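Keep in mind it's a predicted model, so treat the numbers as computed, not measured. Just so we're on the same page: letters track the sequence lines, and every chain starts at 1.
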Amino acid sequence: MGDYIFKEIEKKWQQFWEKEKIFKAEVSDRPKFYCLEMFPYPSGKIHMGHVRNYTIADVYSRYKWMQGFNVLHPMGFDAFGQPAENAAIKNKTRPDIWTHKCIEWMRSELKKMGFSYDWDREISTCDSDYYKWNQWIFLKMFERGLAYKKASAVNWCPSCQTTLANEEVVDGGCWRCHTEVKQKELEQWYLKITDYKERLLEDLKQLKHWPQRVITMQTNWIGKSQGVEIYFRQKESNKVIPVFTTRVDTIFGATYIVLAPEHPLVAEFIKGKPQEKEVAKFIAKVAKESKVVRASSEINLVKECWATQENKGVSNGLKKEGVFTGAYAVNPVNNEEIPIWIADYVLMEYGTGAIMAVPAHDQRDFLFAREHKLPMRMVIQLSDVSCQLTSDSMTEAYEGDGIQVNSRQFNGLANQEAKIKIAEWMEQTGIGKIQTHWRLRDWLISRQRYWGTPIPIIYCLKCGIVPVPYADLPVELPKDAPFTGEGGSPLEKVKEFVEVSCPKCKSKARRETDTMATFFDSSWYFLRFCSPKYKEAPFDVKEAKYWMTVEQYIGGIEHAILHLLYSRFFTKFFKDLGMVDFDEPFQRLLTQGMVLKDGEVMSKSRGNIVDPDAIIKKYGADSLRLFILFAAPAETELEWDDRAIEGAYKFLKRVWRIKNNLKEKADPAIVRVLHKTIKKVSEDFQELKFNTAISSLMELTNAIYLSGADKEVFSKLVILLSPIAPHFSEELWQILGNKESIVKAGWPAYEPNLLIEENITIVIQVNGKLRSRVEIPVDTEEKKLKEIVLSDDKLKPWLKGKPIKKFIIVPKKLINIVV
RNA sequence: GCCGGAGUGGCGAAAUGGCAGACGCGGCAGCCUCAAAAGCUGUUGAGGGCAACCUCAUGGGGGUUCAAGUCCCUUCUCCGGCACCA
């Protein structure tokens with residue numbers, strides 16, 4: 001019979017699946033399963049990262065189909081974004097035309113992989129049917145005060161000519177083009193994600209099946225820290241200076257306080273003092289250093305500059321510069337007068353912009369105090385009396401736990417206990433207030449770009465900011481906009497778009513020309529997939545109730561913060577609107593590893609890209625799928641290997657040949673191996689451990705090569721292989737005489753009785769070292785077993801003349817004799 | 001600096017505390033062939049031994065245990081996240 005001609009086979013079955021709508025998802029009374037992968041940006045070509053991501057999801061979906069679930073496995077395109085504009089400038093085309101061309105091409109490439117999508121549910125975020133609902137959601141948020149406009153210094157990418165969210169600044173550069181990010185004062189739209197900070201943090205606990213590292217990253221990003229705001233006063237003016245600390249137990253050790261250079265009270269404090277000039281000079285100098293350098297991750301660069309310095313035991317390599325203001329503050333717990341300094345290591349945007357400095361117990365304060373010869377006082381002592389710290393002998397701050405000293409009525413308490421007691425005492429006396437600070441900031445969504453969702457807002461001279469009425473949605477992007485590549489949004493230059501009449505008073509008004517960050521689009525697409533053509537709302541509440549939540553979500557780790565945090569935020573917002581009844585959209589998350597070539601990420605600039613299309617042409621999609629699953633566990637990095645893909649292809653051919661040599665009746669031994677394999681593959685699929693599932697399928701195949709298989713055994717092998725190599729398996733399934741798709745064949749069950757072996761091999765160790773093994777019937781009694789073992793010739797030299805101290809029996813496995 | 005994760009043959013990798021290296025790639029040998037390709041069968045951690053077999057091996061050093069790649073302590077290296085966050 002025929003050879004394995006993957007080209008014909010793959011085309012045939014792709015057409016079959018599409019025509020027969022095998023993977024159509026419809027609400028039914030069967031148990032549902034929603035398997036979702038992060039939808040791609042339509043750049044035109046798929047890369048190995050897509051192949052890996054979507055193959056993992058596809059195998060799992062097909063496995064769920066075969067188990068009898070009603071599976072929702074949709075695909076769409078995250079189609080807004082800057083490359084379309086860049087292409088428009090470069091190729092003198094329109095972004096919509098370019099994007100749709102890319103989508104078409106990409107869709108055909110995905111189809112060549114044989115993925116089991118319900119293509120009837122395809123969405124593109126750049127279609128007004130979709131982005132209309134972005135605008136709808138924005139308006140709902142606007143009504144509730146969750147979308148607001150604010151002037152502030154924002155991250156600005158000079159190359160993309162647009163603003164960036166904090167989450168989009170990576171190592172001080174633009175996440176997309178890596179250009180150094182600048183600060184710019186602008187009026188911009190924000191979403192009040194901070195209103196959800198408690199829930200975003202708290203509900204992480206519900207995510208039992210998310211990778212720990214994603215949970216940790218989000219926790220850090222939200223950055224909750226609990227402490228006390230303490231009210232110091234300036235000596236002369238009696239002005240309150242609030243200071244935030246998480247270490248209220250060290251309050252008696254505060255020997256000076258430090259304000260950020262931008263702190264609003266600074267000017268007042270230095271006025272008329274001899275220090276005035278020097279302080280002003282210092283502030284000017286700090287202001288010149290860009291905020292990016294001081295506050296963002298570009299610190300890495302600065303760190304390198306300081307790397308040559310001696311910085312043993314230093315918590316960070318930055319030098320701390322500062323000046324004395326000439327003013328004094330009063331410590332409210334002991335009325336001590338302490339100097340007020342200004343330093344660049346205190347940031348205005350965190351806490352209150354002022355700190356109490358405790359050099360003995362904070363490393364940064366320690367370094368600063370040493371540099372400027374400021375006093376130091378121990379207030380936490382080691383609990384070990386034989387080993388006590390003194391402020392003179394310390395080479396670094398002691399930040400650990402201990403016993404309170406020099407702390408008046410709190411002396412002798414453990415510092416953790418004192419922390420609570422002091423905080424309570426401060427609340428009672430009004431010295432301070434228990435408070436929580438957060439790292440999370442509101443989400444900046446304005447972009448000065450064309451290819452995105454227009455923000456549905458109109459500016460009227462009389463009425464101010466006016467939302468576009470729901471009935472007027474969508475605010476459509478004008479198709480013809482001038483793409484010059486010069487600064488500013490092309491939308492500003494489209495008169496018909498900008499010039500409108502006010503929806504309220506009908507007078508002349510101006511339309512907002514900013515568009516939304518594309519992460520807005522992807523924050524709710526998983527809900528749209530439940531009812532992609534719904535016309536009344538972003539999604540049909542009834543359909544979403546059936547399909548949501550997503551049982552398995554699969555995508556790259558690069559979205560651990562951005563997309564996954566925003567999606568969680570939107571879900572909570574929809575819950576508040578009463579549209580969904582759950583807190584979290586994604587039950588289980590798998591972050592797949594990257595595909596590398598020669599130890600490096602595949603990229604155009606490195607020139608090490610392996611094109612999936614070329615591999616499909618040479619070996620077929622099934623071999624590619626098999627290889628990419630087999631080469632490494634799903635979560636770890638995968639090294640592309642040109643030779644190993646050949647191995648995958650060989651394996652398929654090897655299975656293919658079995659059909660020519662089927663026996664009438666297979667040996668019972670092979671049937672037992674089959675059932676073992678069914679068990680192993682089922683368990684591994686459930687845990688998305690495809691590499692070991694495949695290796696057990698290879699073992700079964702090897703066993704069949706040794707002793708042969710009958711039709712029954714071979715059919716089962718083909719079924720087990722079908723989620724991985726679907727075209728290949730459908731073809732064999734048909735050759736075996738089946739009329740229906742193998743997807744409908746059902747997932748095989750294993751017979752537990754067949755897994756029980758009659759004879760088992762027991763390993764015998766002497767003093768933990770392997771010395772012999774015996775084969776015995778499963779039900780051998782311990783006494784008998786002991787007899788057999790002790791008469792084993794191989795053991796004689798090891799046991800001779802030595803008394804047996806212990807005889808350990810691990811049932812059905814191992815015996816260890818200790819002599 | 002803090003928080004995660006990882007270090008196992010030439011390579012990708014397996015191992016509920018119980019035979020380390022399953023499965024595959026590559027290598028070597030053989031069969032088939034005029035030859036090649038394809039395929040099939042062996043073999044393949046290191047060292048020693050004619051052999052049966054022995055010794056050593058999961059980044060390093062300690063420990064717990066009858067038994068450790070796996071648990072604990074310590075240390076080194078690499079990767080990722082956060083970072084003058086008070």
Side-chain angles (χ1 to χ4, degrees), chain A residues 3 211-221 223-225 227 243-247 250 257-258 260 294-297 299-300 302-303 311 313-321 343-347 349-358 362-365 367-368 399 437-439 557-558 560-561 627 630-633 635-648 650-651 653-654 657 689 691-699 701-702 705-706 761-773 794 797 805-819:
Chain A
D3 284 337
Q212 188 52 47
R213 99 174 144 136
V214 176
I215 301 279
T216 308
M217 280 161 71
Q218 292 217 356
T219 306
N220 290 343
W221 189 263
K224 181 180 188 173
S225 73
V243 150
F244 178 71
T245 182
T246 55
R247 289 295 306 272
T250 65
I257 73 171
V258 190
R294 271 186 69 215
S296 92
S297 341
I299 251 153
N300 287 327
V302 182
K303 212 171 170 179
N311 54 3
V314 174
S315 68
N316 65 74
L318 281 178
K319 192 169 178 175
K320 287 149 184 53
E321 289 188 68
D344 59 357
Y345 78 97
V346 175
L347 305 174
E349 53 277 2
Y350 187 81
T352 61
I355 61 154
M356 62 173 203
V358 186
D362 181 286
Q363 185 60 19
R364 291 157 303 171
D365 299 340
L367 290 173
F368 191 80
E399 294 181 340
H437 280 269
W438 302 79
R439 195 184 163 280
I557 187 71
E558 68 274 17
I561 297 172
F627 164 74
F630 180 58
E635 305 82 353
T636 45
E637 288 178 337
L638 183 154
E639 176 69 29
W640 180 264
D641 186 338
D642 284 319
R643 287 175 304 197
I645 174 86
E646 200 129 2
K650 277 187 196 169
F651 171 70
K653 285 197 287 185
R654 203 164 137 87
R657 279 193 302 271
K689 288 159 127 184
N691 56 333
T692 48
I694 292 168
S695 72
S696 73
L697 288 169
M698 287 173 168
E699 282 176 279
T701 305
N702 290 343
Y705 262 77
L706 286 177
T761 306
I762 300 278
V763 170
I764 306 167
Q765 299 180 332
V766 178
N767 287 344
K769 282 203 195 303
L770 173 73
R771 295 305 179 196
S772 181
R773 58 189 95 209
K794 279 189 184 165
K805 277 197 215 151
K806 254 184 187 176
F807 198 92
I808 291 150
I809 301 175
V810 182
K812 293 180 192 175
K813 258 192 191 147
L814 175 143
I815 285 168
N816 191 11
I817 306 167
V818 186
V819 293

Worksheet item: In terms of the angle between their ring planes, are Phe627(A) and Trp640(A) parallel, tilted or perpendicular, with boundaries placed at 30° and 60°?
Response: perpendicular

Fill in: Paired nucleotide for C34(B) [Watson-Crick or G-U wobble; both distances under 3.5 Å]
none

Worksheet item: Who does G42(B) pair with, Watson-Crick or G-U, both distances under 3.5 Å?
Response: C28(B)

Worksheet item: Considering only side-chain heavy atoms of Arg771(A), which listed nucleotide, G26(B), C84(B), C54(B), is closest?
Response: C54(B)

Discussion item. Side chain of Thr216(A), heavy atoms from C-beta onward: which of A86(B), C84(B), C3(B) has the nearest atom to it?
Written reply: C3(B)

Worksheet item: Base, sugar-phosphate, or nothing for Val818(A), non-hydrogen atoms under 4.0 angstrom?
Response: sugar-phosphate

Worksheet, complete the sentence: Checking G39(B), G18(B), G12(B) against the side chain of Asn816(A) (C-beta onward), the nearest is G18(B)

Worksheet item: Taking O4'-C1'-N9-C4 for purines and O4'-C1'-N1-C2 for pyrimidines, is G5(B) syn (within 90° of 0) or anti?
Response: anti

Worksheet item: Relative to the ring of Tyr350(A), is the ring of His437(A) parallel (under 30°), tilted (30 to 60°) or perpendicular (over 60°)?
Response: tilted

Worksheet item: Taking any strand in view, what nucleotide pairs with C78(B) in a Watson-Crick or G-U wobble way, both distances under 3.5 Å?
Response: G5(B)

Worksheet item: Using purine N1 to pyrimidine N3 plus N6-O4 or O6-N4 for Watson-Crick, or N1-O2 and O6-N3 for G-U wobble, both under 3.5 Å, which nucleotide pairs with G12(B)?
Response: C23(B)

Worksheet item: Which whole number of Å gives the distance between the P atom of U43(B) and that of C23(B)?
Response: 11 Å

Fill in: Selection from A86(B), G18(B), G81(B) that lies nearest to any side-chain heavy atom of Met217(A)
G81(B)

